[in-house]
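What follows is a set of notes on a single structure, which appears directly below.
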Amino acid sequence: MTLRKPPATPQTPATPRTPAAPQTPVVPPPPPRWAVLAAHLTALVVLPSGLWRIALVLDHPAGYTEAGFEPFATVDAKIWMLTLTVASELVALLTIGLVRPWGEVVPRWIPLIGGRRVRPLAAVVPAALGAAGLTLMWAAVPFWWTYPHADLTATGNLVVGILYQPLFLWGPLTAAVTVSYYRRHRVRGRG
């Protein structure tokens with residue numbers, strides 16, 4: 001038994017590879033005017049109830065009876081109301097990121113991730129979940145006056161109800177801006 005060498009394959013000269021053309025990032029279209037307006041309205045609809053809570057923090061009964069205001073006079077309650085007010089406004093302001101450049105590229109001053117592109121789903125999923133949660137949370141606000149509020153004066157009941165009514169719009173406005181962001185950033189050209 002003899003071993004044969006396999007036939008030699010002809011060597012073809014290597015074809016020079018051309019460098020891949022640098023990919024330019026796809027720039028999404030600008031947000032529609034209605035989305036910009038809706039994003040800014042989200043910060044405004046949270047403001048009236050926040051100002052009311054700040055009045056409570058500053059020891060103004062803000063519509064409560066003397067007995068009704070008593071639980072809000074503690075330091076813990078004041079810290080909670082102030083924290084809730086600031087956190088609510090900051091969350092509402094995040095919606096503006098869905099129509100501004102910092103919703104597409106993380107600002108450079110943020111450690112570790114500054115300057116990186118924001119993946120659309122990293123913005124859309126939390127915004128959509130937040131919009132759904134806010135819509136559910138504030139769905140009963142239009143019915144404020146159908147519930148008894150024994151700790152509020154008659155005028156306080158009216159004023160607090162009016163100040164909280166805009167929160168009903170927070171979830172739907174956030175949802176609309178989120179849909180706009182998703183439409184502008186979705187992958188195009190799928191077969």
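Of the possible polar contacts, none joining the T42 side chain to the T174 backbone as a donor-acceptor pair under 3.5 Å is found.
Looking at V118 and V105, their side chains never come closer than 4.5 Å, going by heavy atoms from C-beta outward. Two residues are said to be in side-chain contact when any heavy atoms from C-beta on lie closer than 4.5 Å; L47 and L51 meet this criterion. L41 places none of its side-chain heavy atoms less than 4.5 Å from the side chain of L169. Residues W52 and L56 have side chains in contact (heavy-atom distance under 4.5 Å, counting atoms from C-beta outward). Considering only heavy atoms from C-beta on, S180 stays 4.5 Å or farther from L98 through its side chain.
Closest approach of I162 to P166, counting heavy atoms only: O-CD, 3.3 Å. A pairwise comparison of heavy atoms in A39 and V177 identifies N-CG2, 3.5 Å as the closest pair. Here the closest heavy-atom approach between residue P107 and residue W102 is recorded as CG-CB, 3.8 Å. Contact detail for I113 and V106: the closest heavy-atom pair is O-CB, 3.5 Å. Taking every heavy atom of both residues into account, V160 and A62 meet most closely at CG2-O, 4.0 Å.
By the 30° and 60° cut-offs, the orientation of the rings of H185 relative to Y181 is parallel.
Here M81 contributes atom CE and S49 contributes atom OG; the two are 12.5 Å apart, rounded to the nearest 0.5 Å. To the nearest 0.5 Å, the span separating CG on L93 from CD1 on I96 amounts to 5.0 Å. Taken from CG in L84 to CD1 in I79, the straight-line distance is 13.5 Å, to the nearest 0.5 Å. Within the model, atoms CG of L173 and CG of L134 stand 10.5 Å from one another, a figure rounded to the nearest 0.5 Å.
Contacts classified as side-chain hydrogen bond (donor to acceptor under 3.5 Å, both in side chains) and involving residues 152-168 (residues at least two apart or in different chains) are given here: R53-Y164, W144-N157.
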Practice task
Could you walk me through whether D59 and K78 pass side chain to side chain contact (heavy atoms under 4.5 Å, CB included), step by step?
Solution key: CA-CA 9 Å; D59 285 329; K78 290 178 182 194; 2.4 Å; yes
Exercise for the section: Walk me through it: do W170 and V91 pass the test side chain to side chain contact (heavy atoms under 4.5 Å, CB included)? Expected result: CA-CA 11 Å; W170 190 5; V91 168; 4.0 Å; yes
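Heavy-atom contacts from other residues, nucleotides or ligands closer than 6.0 Å to CH2 of W145 number more than 12.
The pair R184-E104 counts as a salt bridge, with a side-chain nitrogen and a carboxylate oxygen less than 4.0 angstrom apart.
Linking Ile, Leu, Val, Met, Phe, Trp and Tyr residues whenever their side-chain heavy atoms come within less than 4.5 Å leaves L94 and V179 in two separate clusters. A continuous path of hydrophobic side-chain contacts links L44 to V159 [ILVMFWY only; heavy atoms under 4.5 Å].
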Between side-chain atoms of residues 64-77 and protein atoms elsewhere (two or more places apart, or another chain), which donor-acceptor pairs fall under 3.5 Å?
unit_1: T65; atom_1: OG1; unit_2: G68; atom_2: N; d: 3.0
unit_1: T65; atom_1: OG1; unit_2: D151; atom_2: O; d: 3.2
unit_1: T74; atom_1: OG1; unit_2: A77; atom_2: N; d: 3.1

